[in-house]
Amino acid sequence: MDCPIKDDVVSIMNKMLEADGIILASPNYINCITASMKALFDRSNHFIHCKRLLGKYIVAVVSSGSGFDKPVIDYIKHYAFTCGAQFVGGVSSKVPIDEEKKKTAVILGKKLRSAIQNKKIFKTQMKMIEQGKKHFKHIISARKKEWQDEYKYWKQQNWL
Ligand SMILES: Cc1cc2nc3c(=O)[nH]c(=O)nc-3n(C[C@H](O)[C@H](O)[C@H](O)COP(=O)(O)O)c2cc1C
C-alpha cells in the first residue's frame, strides 16, 4: 500500500489491516460522519479496489444531539461492505449517554468478539461483498496498467 500523500493515514490503515475487528466511532454531523472520518474513507481506494478488509468485522458507534443516527450507522455499514468487511451492528446515543445505551454498547462489543472468535458469516452481507468483488474483477483487469499494485494483489490472491 503506497500513497503519494505523506501523512498518518497509512499508519491508521496498517492498524486496520492488523485488526480482526474495527470500531468506527463518530459524532453525527448533519446526519453524516465527521470530515476527518470521511477523509479516511476517501483515502481507502486500496481497501475498496482490493477488498482488503475481507474477513474483518466492523461496528459503528455514533453520538448525537438527537439519538436519530440511522443514516450515519448505515453509511459506516456501507463503507464496511465496500471494503469487504462484514458489519456486526451499530449503536448510537444522544449525549449524555444513558445506562441503557451503555448496556447496548457492551452487548455489541460482545457480538463483535463472538463474530471474530467464531469467524461468523453473515450470508446476505457476504453475497453483497462477492458482488462487489465481481464488479471490481473487470475493472482491475481493464486498468491493469494504471493500477499495477492492485493487479498484483488480485493475482497474488488468485482472484483473476
Ligand atoms: C456541525 C454539527 C452538526 C451536527 N449535526 C447533528 C445532527 O444532524 N443530528 C444530531 O442529532 N446531532 C448533531 N450534532 C450534535 C453532535 O452529534 C453532538 O454534539 C456530538 O455527538 C456530541 O459529542 P460532543 O460532546 O463531543 O460534542 C451536530 C453537531 C455539530 C457540531
Side-chain angles (χ1 to χ4, degrees), residues 1-136 139 147 149-150:
M1 185 171 48
D2 194 24
C3 184
I5 305 167
K6 301 300 172 204
D7 60 9
D8 59 354
V9 80
V10 173
S11 69
I12 295 170
M13 293 174 96
N14 278 331
K15 281 184 182 160
M16 290 167 81
L17 287 175
E18 282 165 21
D20 299 313
I22 300 162
I23 299 170
L24 292 172
S26 172
N28 176 343
Y29 278 6
I30 317 171
N31 277 348
C32 200
I33 53 173
T34 57
S36 46
M37 185 175 277
K38 183 67 165 68
L40 172 69
F41 286 12
D42 291 351
R43 298 276 294 284
S44 300
N45 54 329
H46 176 66
F47 284 179
I48 296 163
H49 297 165
C50 294
K51 304 292 163 210
R52 285 303 303 272
L53 302 188
L54 254 179
K56 301 184 189 298
Y57 298 91
I58 285 182
V59 303
V61 177
V62 178
S63 69
S64 66
S66 64
F68 296 110
D69 303 311
K70 190 174 180 301
V72 191
I73 290 175
D74 284 348
Y75 191 68
I76 293 172
K77 186 177 181 178
H78 185 69
Y79 174 76
F81 294 159
T82 308
C83 298
Q86 296 180 86
F87 186 76
V88 177
V91 62
S92 83
S93 174
K94 64 179 174 193
V95 287
I97 186 166
D98 64 41
E99 287 308 312
E100 272 314 298
K101 281 287 173 176
K102 276 187 196 167
K103 282 183 197 157
T104 311
V106 170
I107 292 168
L108 183 58
K110 286 181 180 164
K111 269 192 189 167
L112 174 63
R113 185 183 61 193
S114 160
I116 293 167
Q117 282 173 342
N118 301 311
K119 297 192 187 311
K120 185 170 170 133
I121 300 289
F122 297 87
K123 277 191 186 157
T124 318
Q125 295 192 27
M126 279 314 292
K127 244 188 193 170
M128 282 173 59
I129 292 166
E130 281 305 322
Q131 275 169 5
K133 241 175 94 183
K134 250 189 205 163
H135 172 74
F136 266 97
I139 299 172
W147 292 0
D149 284 348
E150 280 91 340

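Both counts, for ligands and for their atoms, begin at 1 and track the order of listing.
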Pick from L24, I76, I23: which one makes a side-chain contact (heavy atoms from CB on, under 4.5 Å) with V59? I23
d(D69 CG, D74 CG) to nearest 0.5 Å is 10.5 Å
For [atom], grab the closest protein heavy atom and report residue, atom and distance to one decimal in Å.
{"atom": "atom 25 (O) of ligand 1", "result": "V95 CG2, 4.6 Å"}
{"atom": "atom 5 (N) of ligand 1", "result": "I30 N, 2.8 Å"}
{"atom": "atom 31 (C) of ligand 1", "result": "Y29 CE1, 3.7 Å"}
{"atom": "atom 23 (O) of ligand 1", "result": "S63 OG, 3.8 Å"}
{"atom": "atom 9 (N) of ligand 1", "result": "N28 ND2, 3.5 Å"}

So is there a nitrogen or oxygen of G65 less than 3.5 Å from a nitrogen or oxygen in ligand 1? yes
Verify [atom]: protein non-hydrogen atom under 4.0 angstrom away:
{"atom": "atom 19 (O) of ligand 1", "answer": "no"}
{"atom": "atom 11 (O) of ligand 1", "answer": "yes"}
{"atom": "atom 14 (N) of ligand 1", "answer": "yes"}

Can any side-chain N or O of K56 pair as donor or acceptor with the backbone N or O of A19 at less than 3.5 Å? yes
Which atoms from ligand 1 have a heavy atom of P27 less than 4.0 Å away? 20 (C), 21 (O)
Going by the order shown, which atoms of ligand 1 are within less than 4.0 Å of some heavy atom of S66? 10 (C), 11 (O)
Determine, for K102 against E99, whether the closest basic-nitrogen to carboxylate-oxygen distance falls under 4.0 angstrom. yes
Looking at E18 and K15, does any basic side-chain N land under 4.0 Å from a carboxylate oxygen? no
Do K77's NZ or CZ and the ring of F81 fall within the cation-pi criteria of under 6.0 Å and 45°? no
Is the H49 ring parallel, tilted or perpendicular to the W147 ring (thresholds 30°, 60°)? parallel
